[in-house]
Amino acid sequence: MKYRIAAYISGSGSNLKAILDYSLQKKIASEVVLVIANKDASGLEYPASLGIETAVIPRKEMPRKEFVSMQLDLLEKHNVDLIVLAGYIKKLPKEVTDKYSRRILNIHPALLPKFGGKGMYGINVHKSVIDAGEKYSGPTIHFVDDIYDNGEILLQKKVEVSVDDTPESLQKKVLKLEHLAYPEAIRLLEERR
Ligand code: GAR
């Protein structure tokens with residue numbers, strides 16, 4: 001199965017870049033056809049340079065109804081059949097999670113079910129892992145449902161946390177693995193059905 005992917009981002013979009021590069025090099029069959037951000041994220045530049053439609057849909061600056069319909073319209077226009085959240089800090093509206101149920105993936109930079117939930121984003125996650133004295137960390141790719149970091153896990157990769165790791169050094173190590181894990185998870189889905 002080959003998917004038409006919409007990626008949601010909020011930041012630098014390095015995971016999106018990894019997915020785009022795998023797709024361009026035909027290491028995955030699926031292609032990214034749409035990128036949505038909640039703000040003018042720097043990660044929008046690379047997909048835009050490839051001619052992929054990008055859209056900024058900020059939650060605060062419009063009525064909820066419009067916020068939802070803009071997303072649904074774009075997803076429909078591009079015949080999207082897989083959504084990947086790649087560092088998107090907002091919660092998807094229920095209308096989207098309902099419509100694309102079992103077709104939304106998220107990447108989280110720790111080994112869920114530990115170190116997930118609201119507020120567990122970016123460097124905070126790695127701080128918590130180190131404070132808890134964990135021996136291992138690594139990215140989790142999971143299906144998205146209505147609850148933060150809750151859906152079924154598709155793939156995890158492990159890396160050792162060394163005694164001299166800082167949140168920043170751990171973040172770097174995990175991010176490296178994220179860039180392998182996300183395309184791999186998409187390939188797993190392609191092969192699965
Ligand atoms: C990634 O490390 C991702 O795992 C994390 O945000 C970063 C986005 O980086 N996501 C979460 O913490 C979700 N709770 P990127 O914009 O360079 O891909």
Side-chain angles (χ1 to χ4, degrees), residues 5-24 27-28 30 32 34-50 52 54-59 82-93 96-97 104-132 134 136-159 161 165-186 188:
I5 299 174
Y8 277 65
I9 65 166
S10 297
S12 62
S14 70
N15 276 289
L16 167 61
K17 183 174 185 302
I19 294 168
L20 282 167
D21 289 343
Y22 268 68
S23 176
L24 288 171
K27 293 198 243 168
I28 55 172
S30 302
V32 178
L34 171 68
V35 181
I36 292 175
N38 62 307
K39 58 180 180 189
D40 194 13
S42 63
L44 291 172
E45 280 168 30
Y46 186 54
S49 78
L50 298 171
I52 295 167
T54 62
V56 177
I57 310 182
R59 171 65 192 100
L82 180 67
I83 294 176
V84 302
L85 306 183
Y88 185 64
I89 55 169
K90 299 284 174 197
K91 207 172 166 196
L92 284 182
V96 174
T97 52
I104 309 175
L105 296 178
N106 180 42
I107 187 158
H108 185 75
L111 297 169
L112 292 175
K114 282 181 163 183
F115 309 107
K118 214 170 173 203
M120 279 296 192
Y121 183 85
I123 200 76
N124 288 340
V125 179
H126 305 291
K127 269 191 191 130
S128 307
V129 169
I130 286 179
D131 288 349
E134 293 291 309
Y136 296 95
S137 191
T140 301
I141 319 280
H142 63 95
F143 288 98
V144 170
D145 59 21
D146 252 6
I147 305 165
Y148 268 112
D149 300 329
N150 179 64
E152 185 203 322
I153 290 170
L154 181 59
L155 187 110
Q156 291 185 312
K157 280 192 186 288
K158 262 190 181 178
V159 65
V161 182
D165 261 325
T166 60
E168 289 74 19
S169 69
L170 182 60
Q171 182 177 43
K172 255 195 185 164
K173 279 204 248 185
V174 173
L175 192 62
K176 241 188 185 172
L177 283 182
E178 291 185 39
H179 297 160
L180 300 174
Y182 224 158
E184 197 177 316
I186 293 168
L188 272 181

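Note that ligands are numbered from 1 as they come in the structure, with each ligand's atoms numbered from 1 the same way.
- Nearest protein heavy-atom neighbour of atom 16 (O) of ligand 1: Gly13 N, 2.8 Å.
- Proximity annotation for atom 5 (C) of ligand 1: of Pro109, Ser42, Gly117, Ala86, Pro109 comes nearest, heavy atoms only.
- Here the closest heavy-atom approach between residue Leu112 and residue Gly116 is recorded as CD2-CA, 3.5 Å.
- Looking only at heavy atoms of the protein, atom 2 (O) of ligand 1 is closest to Glu178 OE2, 2.9 Å.
- Using a 4.0 angstrom heavy-atom cutoff, Ile107 counts as in contact with ligand 1.
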Would you please test Ser14 and His179 for side-chain hydrogen bond (donor to acceptor under 3.5 Å, both in side chains) and show each step?
-> CA-CA 8 Å; Ser14 70; His179 297 160; 2.8 Å; yes
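- When only interatomic distances are considered, the shortest N/O to N/O separation between Asn106 and ligand 1 does not fall below 3.5 Å.
- With hydrogens and angles disregarded, a donor-acceptor distance shorter than 3.5 Å links the side chain of Tyr121 to the backbone of Gly87.
- A distance-only check finds no donor-acceptor pair linking the side chain of His142 to the backbone of Pro113 [under 3.5 Å].
- Those atoms of ligand 1 that come under 4.0 Å of a heavy atom in Ser12, given as number and element, are 15 (P), 16 (O), 17 (O).
- You'll find the side chain of Leu20 reaches within 4.5 Å of the side chain of Ile52, heavy atoms only.
- From the protein, the heavy atom lying nearest to atom 17 (O) of ligand 1 is Ser14 OG, 2.6 Å.
- Ser23 places no side-chain N or O within donor-acceptor distance of the main-chain N or O of Ile19, the cut-off being under 3.5 Å.
- Below 3.5 Å of separation, one finds an N or O of Met120 facing an N or O of ligand 1.
- In terms of polar-atom proximity, defined here as any N/O pair under 3.5 Å, Val125 makes no such contact with ligand 1.
- If you number the atoms of ligand 1 from 1 as listed, the ones under 4.0 Å from a heavy atom of Asn15 come out as 1 (C), 18 (O).
- With contacts defined as side-chain heavy-atom distances shorter than 4.5 Å, the pair Leu85/Ile83 qualifies.
- Side chains of Leu82 and Ser30 form no contact here, defined as non-hydrogen atoms less than 4.5 Å apart.
- Of the N or O atoms in Gly122, one or more lie within a sub-3.5 Å distance of an N or O in ligand 1.
- For the pair Gly43 and ligand 1, no heavy-atom separation below 4.0 Å is found.
- Formation of a donor-acceptor pair under 3.5 Å by the Asp149 side chain with backbone atoms of Gly117 is found in this model.
- Set against the non-hydrogen atoms of Gly87, the atoms of ligand 1 under 4.0 Å away are 6 (O), 8 (C).
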